[in-house]
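All remarks here apply to the structure that follows.
Every chain is numbered from 1, with letters handed out A, B, ... down the list of sequences.
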There are 2 protein chains.
Amino acid sequence: MKDVAQHAGVSTATVSRVLNGHAAPTPETRERVLAAIEELGYRPNALARSLRTTSTQTLGLVISDLLNPFFAEIARAVEDEARSHGYCVVIGNADESAEQEATYVRTLLDRRVDGLLLCPATDDPGLVREVSAGGVPLVLLDRTVRGATCPVVRADGSEALTALARRLVGAGHTRVGVIAGPPDTSTGRERTDVFTGALGGLAQVVHGDFRQESGSQAAAKLIDDGATALVAMDNLMGLGALAEIRGRGLRIPHDIALAVFDDQPWFPLLDPPITVVAQPTVEMGRAAARSLLALINGQQPDDVRLTAKLVLRGSLGEAEL
Amino acid sequence: MKDVAQHAGVSTATVSRVLNGHAAPTPETRERVLAAIEELGYRPNALARSLRTTSTQTLGLVISDLLNPFFAEIARAVEDEARSHGYCVVIGNADESAEQEATYVRTLLDRRVDGLLLCPATDDPGLVREVSAGGVPLVLLDRTVRGATCPVVRADGSEALTALARRLVGAGHTRVGVIAGPPDTSTGRERTDVFTGALGGLAQVVHGDFRQESGSQAAAKLIDDGATALVAMDNLMGLGALAEIRGRGLRIPHDIALAVFDDQPWFPLLDPPITVVAQPTVEMGRAAARSLLALINGQQPDDVRLTAKLVLRGSLGEAEL
DNA sequence: GACGGCCGTGTAATCGATTAACTACTGCGC
DNA sequence: GCGCAGTAGTTAATCGATTACACGGCCGTC
């Protein structure tokens with residue numbers, strides 16, 4: 001910056017003013033400064049600027065698993081929304097581990113992100129408190145924690161799950177195997193509670209960990225126990241269940257029905273296409289980013305609750321259509 | 001930091017030494033400082049530290065599309081490798097747009113990443129030159145550019161594609177539709193060249209843009225032109241082709257054969273499972289991160305060329321088995 | 001013609017760390 | 001008792017920006 005100033009025959013203050021679009025500098029001075037910048041290929045140091053202004057124009061996003069298309073879509077939406085407001089997003093991959101999640105959150109705080117978007121790995125409010133104590137704007141996404149005091153953005157699947165349960169009962173299923181998420185996550189618990197409640201005793205629950213392998217294992221157990229329908233509460237576990245079903249040579253929906261929480265672009269291409277509860281991922285990501293930006297600007301955004309929809313496609317059998 | 005120093009009755013220099021594990025401070029002093037840090041909940045400001053040390057312990061990664069599982073896997077692998085060396089990764093999503101790619105690269109440079117990993121959207125070496133001119137360590141990943149002067153990490157699919165072509169010819173296919181990538185990307189061109197060369201005149205090529213929609217359109221055109229086999233040069237275009245095939249009620253492999261470049265976890269679950277050329281994504285990501293770290297440490301890593309493998313699964317028909 | 005106001009720039013303090021150079025103290029040998 | 005080496009800790013410069021305040025020139029008014 002000093003070089004630029006010297007080159008243009010002005011002080012660094014003037015260079016800074018030109019850079020930040022202040023009213024002061026003469027058009028002529030401005031021109032000289034811009035020429036010098038161009039000539040020297042100068043680019044301002046964002047670190048120094050942030051240090052001085054205490055604003056990084058950066059949002060932190062800590063998600064549970066980048067390989068899960070659900071979170072990838074959310075990340076993408078958050079990024080789009082943030083960018084359109086001049087913010088940049090730094091993504092942290094917690095890998096469904098509370099420990100790694102904490103590490104990432106701290107790293108992001110150390111780098112002074114202007115706000116943080118978090119998909120908490122567990123119910124534990126400890127980390128959320130830590131962030132709040134630091135006074136950093138925080139919005140929870142997809143999942144919440146016990147006694148959360150910050151805005152939460154998530155999808156409500158109750159209606160869709162209730163409708164799904166009704167279909168299954170109506171189709172005469174007697175044992176519905178539920179491949180549930182971890183009981184220490186809000187989404188894991190809530191979805192399972194609503195769904196088993198609506199099934200009224202027909203449900204048999206096995207908990208997985210939101211990963212493919214656990215889906216296969218849970219499916220195996222449930223099939224062995226005589227389940228006539230399987231419902232996976234997350235798309236990766238759904239993939240695992242599907243693999244197990246195929247591995248055993250069972251046919252959907254003839255031998256067993258299947259439904260999955262979270263849609264995927266390839267679900268409609270299976271034979272039969274998979275019935276799902278589809279979350280509005282893009283909306284969730286955008287809404288979360290908007291809430292966080294509002295919080296950063298001193299407003300108090302409300303919680304956002306979007307609605308997940310039941311998409312019937314055929315994997316439950318004719319009964320559904 | 002001043003607060004901590006005051007609290008512990010020492011100077012900021014001493015606090016800094018404790019923080020950085022310097023030899024100087026007495027165990028007793030160290031203890032007092034750590035206690036003060038603990039008590040005040042102090043966390044060092046990474047911006048200030050980086051400004052002073054000119055090292056951010058951060059790698060930039062600019063990929064073409066986060067929603068493409070191929071890149072998501074790479075990102076994941078890069079992150080793992082980087083983290084294990086104490087580095088953090090900032091991901092930028094270029095969305096297959098050269099403009100957005102340039103924006104991201106500049107943003108990352110402004111934030112003074114210690115090194116940059118780039119999956120270039122096009123062949124154009126302009127951006128690569130810009131980065132090199134800035135003296136920032138750079139490694140190209142998956143794709144290269146014309147006259148690249150930096151290390152490149154990629155997968156070689158020639159062997160697999162040649163074998164694939166041989167199978168198709170052997171099975172008696174007369175018109176093979178190739179859904180190619182953009183001709184201004186190295187992967188798009190190379191894969192197509194090798195494959196059509198090996199097919200010796202049986203190939204009909206339509207270019208897509210590495211996205212699902214373009215895959216469907218290309219497939220439609222090729223099917224209309226009487227293709228008996230379709231090969232998509234990227235997994236998203238493969239997904240699009242599959243959708244088009246299903247949409248027309250065609251059966252694989254009876255009516256048409258299909259193979260895709262890039263594997264996906266759900267390809268084996270289709271009926272029939274899809275034959276693919278599988279790239280070693282995790283290896284690629286790790287290798288790229290390692291090369292970049294080597295470059296940062298002043299070494300001169302070689303280009304890395306990994307091998308993609310043909311995985312036969314059934315979507316080419318009995319001929320393949 | 002002198003004075004007050006306004007405008008474009010420059011000077012210098014500041015953000016929060018790191019670190020070279022210096023100071024103060026301890027203890028040892030002669 | 002004195003000097004010297006060695007060690008623990010402090011002072012202050014520095015990284016590259018932003019910005020409050022000061023300064024000097026120009027113009028209009030009485």
Atom [atom1] of [X] and atom [atom2] of [N]: how far apart are they, to the nearest Å?
X       : N      : atom1 : atom2 : answer
A:Asn45 : D:dT14 : CG    : P     : 18 Å
B:Asn20 : C:dA20 : CG    : P     : 12 Å
B:Tyr42 : C:dG16 : OH    : C1'   : 7 Å
B:Leu51 : D:dT14 : CG    : P     : 14 Å
B:Arg49 : D:dG16 : CZ    : C1'   : 18 Å
A:Gln6  : D:dA17 : CD    : C1'   : 17 Å
A:Asp3  : D:dA17 : CG    : C1'   : 14 Å
B:Met1  : C:dT19 : CE    : C1'   : 11 Å

Notebook entry, point to check: B:Leu66 and B:Ala72: which non-hydrogen atoms are nearest, and at how many Å?
Noted result: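 Distance-wise, the nearest heavy atoms are O-CB, 3.8 Å.
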5'-most contact on DNA chain D: A:Leu19 or B:Thr54, nearest heavy atom basis?
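On the 5' side of the pair lies B:Thr54.
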Between B:Ser16 and C:dT18, is there a contact of a side-chain N or O with OP1 or OP2 at under 4.0 Å?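 Affirmative; the distance criterion is met.
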Taking atom types as modelled, find out whether B:Arg83 and A:Gln100 have a side-chain donor-acceptor pair closer than 3.5 angstrom.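 A donor-acceptor contact under 3.5 Å links the two side chains.
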| message | If you count heavy atoms of other groups shown closer than 6.0 angstrom to CD of B:Gln299, is the number above 12? | response |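 Enclosed: over 12 neighbouring heavy atoms sit under 6.0 Å from CD of B:Gln299.
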With a 4.5 Å limit on heavy-atom distance, are the side chains of [X] and [Y] in contact?
X        : Y       : answer
A:Ile296 : A:Tyr87 : yes
B:Leu19  : B:Ile37 : yes
B:Val90  : B:Leu59 : no

key: Residues A:Arg143, A:Glu96; criterion salt bridge (charged side-chain N to carboxylate O under 4.0 Å, His left out); working and verdict   = CA-CA 12 Å; A:Arg143 309 177 185 170; A:Glu96 297 284 0; 3.2 Å; yes
Looking across every strand, which nucleic acid part, if any, lies under 4.0 Å from A:Thr53 by heavy atom: base, sugar-phosphate, or nothing?
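If one applies the 4.0 Å heavy-atom cut-off, A:Thr53 turns out to touch the sugar-phosphate alone, with no base involved.
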Heavy-atom contacts, protein to nucleotides 5-13 of chain C, under 4.0 Å, summarised as B (base), S (sugar-phosphate only) or - (none) per nt, yield ---SBBB-B
